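Everything below concerns the one structure shown next.
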Amino acid sequence: SQQGEEDPQALSIQEGENATMNCSYKTSINNLQWYRQNSGRGLVHLILIRSNEREKHSGRLRVTLDTSKKSSSLLITASRAADTASYFCATGIQGAQKLVFGQGTRLTINP
Amino acid sequence: NAGVMQNPRHLVRRRGQEARLRCSPMKGHSHVYWYRQLPEEGLKFMVYLQKENIIDESGMPKERFSAEFPKEGPSILRIQQVVRGDSAAYFCASSPRLAGGTNTGELFFGEGSRLTVL
């Protein structure tokens with residue numbers, strides 16, 4: 001099964017609303033990262049949070065990490081139509097030399 | 001500083017042919033990762049290479065698939081005798097240091113190579 005699983009699989013909201021996506025994982029991690037993918041394009045890094053951090057902000061993005069629950073959330077505030085994309089969490093697993101990606105959340109922002 | 005360059009962007013092959021996908025990492029990056037993505041799905045790790053070395057190929061099928069990252073030139077993902085199930089987008093990513101480790105950074109992705117097997 002997947003190391004990282006996003007919830008929900010798909011999310012559709014109105015422009016201006018906040019969007020929250022969740023990610024759960026199974027094993028101990030060094031860090032957790034969020035990436036964005038526009039349709040037909042490569043992934044773009046959004047934000048990284050280390051295992052000893054609990055919250056991080058970058059512009060309209062807010063990421064939280066709860067290592068006791070093995071979960072993370074990505075909050076996008078004041079959403080815009082241009083935020084429409086798929087969002088993936090990726091975990092840097094302790095002892096492994098790679099990032100493991102989840103299945104992603106497809107976010108649609110309606111004008 | 002050019003980003004990660006992948007070519008071809010689109011490749012069509014008939015069953016039984018060979019597919020070669022190329023990836024030039026960002027300048028100064030010595031770590032290269034290949035991922036595969038099926039439609040509407042996440043990325044599945046295939047292989048991690050450093051110059052002239054395969055570090056982790058645990059996600060790559062044992063048969064028909066191979067990868068290299070020579071001292072000079074791009075990284076190559078090679079798929080021999082392609083089958084329809086190989087149809088997917090193949091993404092290359094590079095990093096200046098180990099991704100996922102304690103002193104890690106982000107991965108920089110190319111735009112992908114989309115393989116269609118007829």
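Every chain is numbered from 1 and lettered A, B, ... according to where its sequence line falls, protein lines coming before strand lines. Here the structure is a predicted model, which is why all the values come from computation and not from measurement.
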hydrophobic_cluster_shared for B:Leu49 and B:Phe65, side chain cutoff 4.5 Å | yes
Between A:Phe88 and B:Gln37 the two heavy atoms that sit nearest each other are CZ-NE2, 3.7 Å
Taking a hydrophobic cluster as the set of Ile, Leu, Val, Met, Phe, Trp and Tyr residues connected by side-chain heavy atoms closer than 4.5 Å, whether directly or through intermediates, do A:Ile109 and A:Trp34 fall within one such cluster?
-> yes
Heavy-atom distance under 4.5 Å to chain A: side chain of B:Phe108, backbone, both or neither?
-> neither
For B:Arg9, does the CZ atom have more than 12 heavy-atom neighbours from other residues, nucleotides or ligands under 6.0 Å away?
-> yes
Sub-4.5 Å side-chain heavy-atom contact between B:Tyr35 and A:Leu43 | no
Acceptor/donor pairs from residues 9-16 of chain A side chains to any protein atom, 3.5 angstrom cut, sequence neighbours excluded:
unit_1, atom_1, unit_2, atom_2, d
A:Ser12, OG, A:Asn110, ND2, 2.8
A:Glu15, OE2, A:Ala81, N, 3.3

Report, as yes or no, whether the 6.0 Å neighbourhood of atom CZ on A:Arg54 holds more than 12 heavy atoms from other residues, nucleotides or ligands.
-> yes
To the nearest 0.5 Å, atom CG of B:Leu107 lies from atom NZ of A:Lys98 at 13.0 Å
Here the pair of heavy atoms bringing A:Arg41 nearest to B:Arg114 is N-NH2, 3.7 Å
With hydrophobic residues grouped by side-chain heavy-atom distances under 4.5 Å, do B:Val117 and B:Leu11 end up in a single group?
-> yes
Which region of B:Gln6, side chain (C-beta onward) or backbone (N, CA, C, O), has a non-hydrogen atom less than 4.5 Å from a non-hydrogen atom of chain A, or is it both or neither?
-> neither
Mind checking whether B:Trp34 and B:Ile54 sit in one hydrophobic cluster, side chains of I, L, V, M, F, W, Y counted as touching below 4.5 Å?
-> yes
Would you please go through residues 55-63 of chain B and name the residues with a non-hydrogen atom below 4.5 Å from one of chain A, in numerical order?
-> B:Ile55, B:Asp56, B:Ser58
Enter the distance from A:Asn31:CG to B:Glu106:CD here, rounded to the nearest 0.5 Å.
-> 11.5 Å
Would a hydrophobic clustering, with Ile, Leu, Val, Met, Phe, Trp and Tyr connected at side-chain separations under 4.5 Å, put B:Val32 with B:Tyr48?
-> no
